[in-house]
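Below: the structure, in structure tokens.
By convention in this document, chain letters (A, B, ...) are assigned in the order of the sequence lines, proteins followed by strands, and residues within each chain are numbered from 1.
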Amino acid sequence: MLTPFTQKALHMIKNIPEGRVMTYGSIAAFAGKPNGARQISRLLHSMSKKHDLPWHRVVNSKGKISLRPSHGYELQKALLESEGIEFSKSDTINLTFFLWSSL
DNA sequence: CCACTGACTACTT
DNA sequence: CAAGTAGCCAGTG
């Protein structure tokens, strides 16, 4: 059985529209755990396959991809760019423009 | 139940 | 700005 926090987090991830991203911390905060960012990573690890989650729309608080190169980093970046999200010179996303507030 | 892990974050050097 | 550290909490065995 998953906790309410986890279920809510899953719901929010599914609700991120194309061309927008959310940070681990924001998802966790909206789900009720301001410090539960790490749980989001676990969700993506174990639930992304079964729940058809847009995992690529989740980035860290700095607006950067957290995956290591050759471990999904390039794939995620490609998926985001195909949705219209732009990366700066240092591979960071302008969160003030692309961050999705869920409401 | 205990120990370990993790696609994190904020703070300090 | 980069590297190190402590706090965080649910999933898994």
- Query: Of the residues in residues 28-43 of chain A, which ones touch DNA chain B at a heavy-atom distance under 4.0 Å?
  - Reply: Ala37(A), Arg38(A), Gln39(A), Ser41(A), Arg42(A)
- Message: The criterion is side chain to side chain donor-acceptor pair (under 3.5 Å); which residues satisfy it with Ser70(A), sequence neighbours excluded?
- Response: none
- Validation row: Ile40(A), Phe5(A) side chains within 4.5 angstrom (heavy atoms): yes
Can you give each donor-acceptor pair under 3.5 Å made by side-chain atoms of residues 11-32 of chain A, sequence neighbours left out, with the distance rounded to 0.1 Å?
unit_1: His11(A); atom_1: NE2; unit_2: Asn15(A); atom_2: ND2; d: 3.0
unit_1: Asn15(A); atom_1: ND2; unit_2: His11(A); atom_2: O; d: 3.0
unit_1: Thr23(A); atom_1: OG1; unit_2: Ser26(A); atom_2: N; d: 3.1
unit_1: Thr23(A); atom_1: OG1; unit_2: Ser26(A); atom_2: OG; d: 2.8

- Item | Contact check, side chains of Trp55(A) and Leu67(A), non-hydrogen atoms, under 4.5 Å | yes
- Run through Ile93(A), Thr92(A), Asn94(A) and flag the one making a side chain to side chain contact (heavy atoms under 4.5 Å, CB included) with Phe87(A). Ile93(A)
- Query: How far does NE2 of His51(A) sit from CG of Leu10(A), to the nearest 0.5 angstrom?
  - Reply: 5.5 Å
- Could you give the start and end, 5' to 3', of the contact zone on DNA chain C for chain A, using atoms under 4.0 Å from its heavy atoms? dG7(C) to dT12(C)
- Report yes or no: does Ser46(A) contribute a side-chain atom to a donor-acceptor pair with the main-chain N or O of Arg42(A) at less than 3.5 Å? yes
- Mind running a 4.0 Å heavy-atom check of residues 60-92 of chain A against DNA chain B and sending the residues that fall below it, in number order? Asn60(A), Ser61(A), Ser66(A), Leu67(A)
- Student check: side-chain heavy atoms of Ile65(A) and Lys77(A) closer than 4.5 Å: yes
- Query: Minimum heavy-atom separation for Glu83(A) to His56(A), with atom names?
  - Reply: OE2-NE2, 3.0 Å
- Task: For DNA chain B, determine which residues of residues 19-27 of chain A have any heavy atom closer than 4.0 angstrom to one of its atoms, and list them numerically.
- Result: Tyr24(A), Gly25(A)
- Query: Below 4.5 Å, heavy atoms only, C-beta onward: do Phe98(A) and Leu80(A) meet side chain to side chain?
  - Reply: no
- Message: Please check if the number of heavy atoms outside Glu74(A) that lie under 6.0 Å from its CD is greater than 12.
- Response: no
- Task: Measure the shortest side-chain to side-chain distance between Met1(A) and Gln7(A) over non-hydrogen atoms and say whether it is less than 4.5 angstrom.
- Result: yes
